[in-house]
Amino acid sequence: MAAAEGSTPQAEVMTIASPINLIIASLFVVLLYWHFRPKAPVELPRGPPPVVFRTYTPKTLIKFNGEDNQPVYLAVRGRVFDVTPGRGFYGPGGVYENFAGRDASRGLACQSFDEEMLTKDLSAPLDELKDLDAEQLENLQSWEERFSEKYLVIGKLVAEGDPEAPAS
Ligand code: HEM
């Protein structure tokens, strides 16, 4: 105490500015900066893209056949299902690729994925399936139920020229 009392103002400044104090002060400044530094905005994980319910015609639906990594859609009795999770079945090279981008109703009812089950003329009225027998209708019903449990309905299929058809 006696030495401090007798010290000059210059000596006091030297004591305050001693290396240890300077280090502590610098650490304090660094800590302050670290605490209040500008932080990058928090990025929330991205969810799946929103599902938009649309109206399709056979001509607009056909684009969704899974080529070029695009989604895969198919229609059953006027309901369009997003079967992209089943790309292995319906995507290019899949066993049921004929159904991709198409009205699959007749094929499902008749348990056949042959080309002739599909409506050739995309501008024609939709297949009304009027000739199906009870067993085929039952098949179709059970496929529809399975699809409803597994896939999202993302639209409606109408014929080309229908008042509800999207402008092409
Ligand atoms: C040789 C006869 C056939 C065999 C061995 C066979 C086998 C299979 C198998 C193993 C699956 C996967 C089941 C699953 O994991 O959920 C499947 C799914 C499917 N089969 Fe066949 N199948 C045959 C004929 C057909 C026919 C004629 C059709 C025509 C309608 C058809 C339509 C389908 C469809 C649409 C799915 C996929 C359903 C989904 O998206 O989950 N199959 N088949």
Side-chain angles (χ1 to χ4, degrees), residues 27 30-168:
L27 276 176
V30 168
L31 278 176
L32 268 186
Y33 171 76
W34 192 253
H35 189 75
F36 293 109
R37 75 193 189 283
K39 291 175 185 98
V42 179
E43 281 215 13
L44 294 174
R46 278 167 187 264
V51 177
V52 183
F53 191 91
R54 291 185 204 284
T55 304
Y56 296 84
T57 65
K59 275 190 182 167
T60 60
L61 188 66
I62 203 157
K63 291 167 197 149
F64 297 96
N65 60 1
E67 275 172 20
D68 301 323
N69 241 8
Q70 288 297 301
V72 198
Y73 299 164
L74 61 75
V76 187
R77 272 201 281 215
R79 288 199 295 166
V80 177
F81 290 89
D82 179 356
V83 295
T84 312
R87 184 181 286 282
F89 292 129
Y90 310 102
V95 209
Y96 311 122
E97 67 176 342
N98 275 353
F99 290 152
R102 306 301 294 263
D103 178 0
S105 312
R106 179 168 291 272
L108 292 170
C110 301
Q111 300 282 30
S112 160
F113 40 85
D114 292 345
E115 193 90 41
E116 73 242 28
M117 291 290 139
L118 308 169
T119 309
K120 267 196 197 74
D121 180 1
L122 299 183
S123 310
L126 297 188
D127 187 349
E128 290 188 9
L129 311 165
K130 285 196 172 143
D131 55 323
L132 296 186
D133 62 27
E135 196 190 332
Q136 291 164 333
L137 285 170
E138 211 176 293
N139 280 338
L140 186 52
Q141 174 88 25
S142 67
W143 279 116
E144 253 184 300
E145 280 162 17
R146 183 187 169 129
F147 279 35
S148 305
E149 283 163 14
K150 194 170 173 187
Y151 302 116
L152 280 180
V153 175
I154 47 97
K156 178 176 176 179
L157 184 70
V158 299
E160 191 83 358
D162 187 287
E164 282 189 63
S168 49

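Here, residue 1 is the first one in the sequence, and each next residue gets the next number. Remember, it's 1-based here, ligands and their atoms both numbered in the order they're listed. Note that the coordinates shown come from a computational prediction; the quantities given were computed from them, not determined experimentally.
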Side chains of residues 33-55: which donor-acceptor pairs under 3.5 Å do they make with residues two or more places apart or in other chains?
from, atom 1, to, atom 2, distance (Å)
Arg37, NH1, Trp34, O, 2.6
Lys39, NZ, His35, O, 3.1

Output a table of donor-acceptor pairs, distance under 3.5 Å, between side-chain atoms of residues 113-123 and any protein atom two or more places apart or on a different chain; print 'none' if there are none.
from, atom 1, to, atom 2, distance (Å)
Asp114, OD2, Ser112, OG, 3.4
Asp121, OD1, Ser123, N, 2.9
Ser123, OG, Lys59, NZ, 3.3

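- Shown here are the protein N/O/S atoms lying under 2.8 Å from atom 21 (Fe) of ligand 1, water excluded: Tyr96 OH.
- Listed by number with element, the atoms of ligand 1 under 4.0 Å from a non-hydrogen atom of Phe113 are 25 (C), 26 (C), 27 (C), 28 (C), 29 (C).
- Under 4.0 angstrom from ligand 1, the non-hydrogen atoms of Ser112 all belong to its backbone.
- Those atoms of ligand 1 with a heavy atom of Lys150 less than 4.0 angstrom away are 39 (C), 40 (O), 41 (O).
- Nearest to atom 27 (C) of ligand 1 among the protein's heavy atoms is Gln111 O, 2.9 Å.
- A donor and an acceptor atom, one from each side chain of Gln111 and Trp143, are located under 3.5 Å apart.
- Close contacts of ligand 1 with Tyr151, meaning ligand atoms under 4.0 Å from a residue heavy atom, involve 39 (C), 40 (O), 41 (O).
- The protein non-hydrogen atom at the shortest distance from atom 37 (C) of ligand 1 is Tyr90 OH, 3.2 Å.
- When every heavy atom of Leu140 is checked against every heavy atom of Ala109, the shortest pair comes out as CB-CB, 3.9 Å.
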Check step by step if salt bridge (charged side-chain N to carboxylate O under 4.0 Å, His left out) holds for Arg106 and Asp131.
-> CA-CA 10 Å; Arg106 179 168 291 272; Asp131 55 323; 2.7 Å; yes
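- Listed here is the closest heavy atom pair of Ala159 and Thr57: O-CG2, 4.1 Å.
- When all heavy atoms are compared, the tightest approach of Ile154 to Phe81 is CG1-C, 4.2 Å.
- For atom 29 (C) of ligand 1, the nearest protein heavy atom lies under 4.0 Å away.
- Nearest approach of Asp103 to Ala75, heavy atoms of both residues: OD1-O, 3.4 Å.
- Between Tyr96 and Tyr90, the two ring planes are tilted [angle within 30° to 60°].
- The protein does not reach atom 9 (C) of ligand 1 closely, with no heavy atom under 4.0 angstrom from it.
- Within the 4.0 Å cut-off (strictly below), no protein heavy atom is located near atom 2 (C) of ligand 1.
- Closest protein heavy atom to atom 13 (C) of ligand 1: Arg146 NH2, 3.8 Å.
- When each of Val80, Leu157, Thr60, Val83 is checked for a side chain to side chain contact (heavy atoms under 4.5 Å, CB included) with Tyr73, only Val80 meets the rule.
- Short contacts between ligand 1 and Gly107, defined as distances under 4.0 Å to a heavy atom of the residue, involve ligand atoms 30 (C).
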Let me have the donor-acceptor pairs involving side chains of residues 64-72, under 3.5 Å, with sequence neighbours excluded, atom names and distances please.
from, atom 1, to, atom 2, distance (Å)
Asn65, OD1, Glu67, N, 3.1

